[in-house]
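One structure below.
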Amino acid sequence: MPELPEVETICRGLSGAIIGRKFIKVQNFRENLRFPFPVNFVKNLEDRKVEAITRRAKYILIHLDNGTTLMVHLGMSGRMVVHNALRNSRDKHDHVIFHDDMGKEIVFNDPRRFGMMDIVNSSAINEHKLIKDLGLEPLLDSFNGQALHEMLKGRKVPVKLAIMNANLVVGVGNIYACESLFSSGISPLRLAGSLSLEECNTLASEIKKVLLEAIKAGGSTLKDYVASSGEAGYFQHNFKVYGREGQPCVTCDDEIKRIVQGGRSTFYCGNCQG
DNA sequence: CGGCGGTCCTGTCAGC
DNA sequence: TGCTGACAGGACCGCC
């Protein structure tokens, strides 16, 4: 489900809903998602107050008042939805329910269970196994054409796989990789190391632009993504290539092609993306 | 180390 | 209608 814009949208929604709130009861209905839940998961969350919510890559970081942080990753199909009133039923794939001191329920639902949760010391987040090797945040100023050019140097993978590699730059998933390569006029098949500095300038700025526009649109809803409010995003209406195989290119009218790279679908215009 | 393919899991949809 | 196979927003792991 979620790439960076979707996770960012959820973080913002959760911030408004639960900063300053206390978890009075936490229900966990499984022993594991992608990984086992940490020991004493429920016990370590109950009676904790939420102090802040931040994001690193696609990890939602919920900072608690005892110096620990709840890490949440949504995998492909995870959701975090805030319900303002008690529900009298639980959906099939609701795995964790947080009850706050205002009577709200924050529900983690994940059909495919590719998501994960962990609890870490806030001071050691950057040393966490899943965080420590992550690359640059694409929305920061430090991610620019020069930095991109440097990280792609000598790489023989197709540029699309390189920008989806979280050890280089985080948060760019399949949709936004396709879209930013299209708006840059760069073929997804080009070898990463072959991009000029000028092309990297373009690509870095298009990645930022596409991500920011998607955040503004509340993310992209392909099938079942919803923000923490339960609302769908609408950036999918702005897709120029993603999911448009066989349809005309918005620029030149050629048919959009679909190929498979690294086991994932790539959509592009063979004419506009040289 | 870089690069590639397999894998976790469930749901949906197209095609027969 | 029902079965089968392809495919889906992610990313780790092990192998070469």
Side-chain angles (χ1 to χ4, degrees), chain A residues 1-11 29-37 55-60 71-81 91-95 108-118 128-135 138 150-180 188-194 210-211 214-215 217-228 232-239 241-246 258-267:
Chain A
M1 133 206 298
E3 299 187 33
L4 187 147
E6 291 75 32
V7 177
E8 179 64 26
T9 301
I10 289 169
C11 282
F29 302 97
R30 293 190 59 80
E31 292 186 355
N32 67 295
L33 295 165
R34 178 188 241 309
F35 306 114
F37 281 93
R55 176 186 62 72
R56 173 71 172 112
K58 295 172 190 165
Y59 294 92
I60 300 166
M71 266 175 77
V72 180
H73 195 287
L74 301 171
M76 292 271 255
S77 57
R79 305 174 167 202
M80 282 283 261
V81 175
D91 287 351
K92 188 174 173 190
H93 300 296
D94 290 350
H95 305 310
F108 174 86
N109 176 292
D110 184 7
R112 290 176 78 179
R113 305 205 303 271
F114 285 2
M116 63 82 64
M117 288 193 197
D118 201 359
H128 190 279
K129 183 173 180 257
L130 299 173
I131 302 265
K132 65 181 169 58
D133 294 323
L134 291 174
E150 194 61 35
M151 68 176 71
L152 297 187
K153 193 183 283 177
R155 295 200 178 253
K156 299 193 174 86
V157 270
V159 60
K160 192 228 181 186
L161 297 188
I163 60 174
M164 287 181 68
N165 179 346
N167 297 133
L168 301 178
V169 51
V170 302
V172 182
N174 203 27
I175 293 175
Y176 302 109
C178 293
E179 292 297 318
S180 56
L189 294 161
R190 287 274 303 281
L191 295 190
S194 78
V210 169
L211 294 175
I215 290 170
S220 299
T221 296
L222 290 192
K223 218 169 68 66
D224 53 14
Y225 163 76
V226 289
S228 62
Y234 52 92
F235 190 72
Q236 66 279 9
H237 303 302
N238 296 354
F239 290 170
V241 288
Y242 188 86
R244 297 193 63 244
E245 181 182 14
R258 184 180 82 93
I259 56 173
V260 175
Q261 295 180 287
R264 316 285 298 275
S265 289
T266 298
F267 300 89

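The chains referred to below are lettered A, B, ... by the order of the sequence lines, with proteins before strands, and numbering in each begins at 1.
We find that CZ of A/R79 is positioned 20 Å from P of C/dA8, with the value rounded to whole Å. Going from atom CZ of A/R258 over to atom P of C/dA8 covers 6 Å, rounded to whole Å. The interatomic distance linking A/M164 (CE) with B/dG5 (P) rounds to 15 Å, in whole Å. Atom CG in A/N109 sits roughly 15 Å away from atom C1' in C/dG9 (whole-Å rounding). Between the CG atom of A/L161 and the C1' atom of C/dA11 there is a distance of 13 Å, rounded to whole Å. Look at NZ on A/K132: it is 16 Å from P on C/dA11, rounded to the nearest Å. Atom C1' of nucleotide C/dA11 and atom CZ of A/F114 are separated by 10 Å, given to the nearest angstrom. One interatomic measurement links the two molecules: CG of A/L33 to P of C/dC12, which rounds to 15 Å at whole-angstrom precision.
Among all heavy-atom pairs drawn from A/I163 and A/V172, the shortest one is O-CB, 3.4 Å. Here the closest non-hydrogen pair linking A/S265 and A/R258 is OG-NH1, 2.5 Å.
Across all strands shown, A/F235 has no heavy atoms under 4.0 Å from either base or sugar-phosphate atoms. Looking at heavy-atom distances under 4.0 Å, A/G173 makes contact with sugar-phosphate atoms alone, never a base. Contact annotation for A/R155: backbone-only contact, meaning every heavy-atom pair under 4.0 Å involves sugar-phosphate atoms and none involves a base. As judged by a 4.0 angstrom heavy-atom cut-off over every strand, A/Y59 is placed among residues touching the sugar-phosphate backbone only. Among the protein residues, A/R113 comes within range of the sugar-phosphate backbone only, with heavy atoms under 4.0 Å from sugar or phosphate atoms but none that close to a base. The residue A/K223 sits close to a base: some heavy atom pair falls under 4.0 Å.
A distance of about 22 Å separates the P atoms of C/dG9 and B/dG3, rounded to the whole Å.
Of the two residues contacting DNA chain B, namely A/H93 and A/R34, the nearest-nucleotide position lying further toward the 5' end is that of A/R34.
The partner of B/dC9 is absent, by the rule that a Watson-Crick or G-U pair needs both atom distances under 3.5 Å. Using Watson-Crick or G-U wobble geometry with both donor-acceptor distances under 3.5 Å, B/dC4 finds its partner in C/dG14.
Not one side-chain nitrogen or oxygen of A/R112 sits closer than 4.0 Å to the OP1 or OP2 atom of C/dA8. Here A/K92 reaches the OP1 or OP2 of B/dG11: one of its side-chain N or O atoms lies under 4.0 Å away.
Between A/H73 and A/Y59, a ring centre-to-centre spacing shorter than 6.0 Å is recorded.
Considering only side-chain atoms of A/K58, the nucleotide from B/dC4, C/dG9, C/dA11 that sits closest is C/dA11. When distances are taken from the side chain of A/Y242 to each of C/dG9, B/dG3, B/dG11, the shortest belongs to C/dG9. The side chain of A/V157 sits closest to B/dC4 out of B/dT10, B/dC4, C/dC12. Between B/dG11, C/dG10, C/dA8, one nucleotide has an atom nearer to the side chain of A/S265 than all others, and that is C/dA8.
Aromatic stacking is not marked for A/Y225 over C/dG9, as the cut-offs of 5.5 Å for the centres and 30° for the planes do not both hold.
Only one option out of A/K58, A/R56, A/R55 pairs with A/E8 in a salt bridge (charged side-chain N to carboxylate O under 4.0 Å, His left out); it is A/R55.
By the 30° and 60° cut-offs, the orientation of the rings of A/F235 relative to A/Y176 is tilted.
Judged by distance alone, the side chains of A/N109 and A/K92 never bring a donor and an acceptor atom under 3.5 Å apart.
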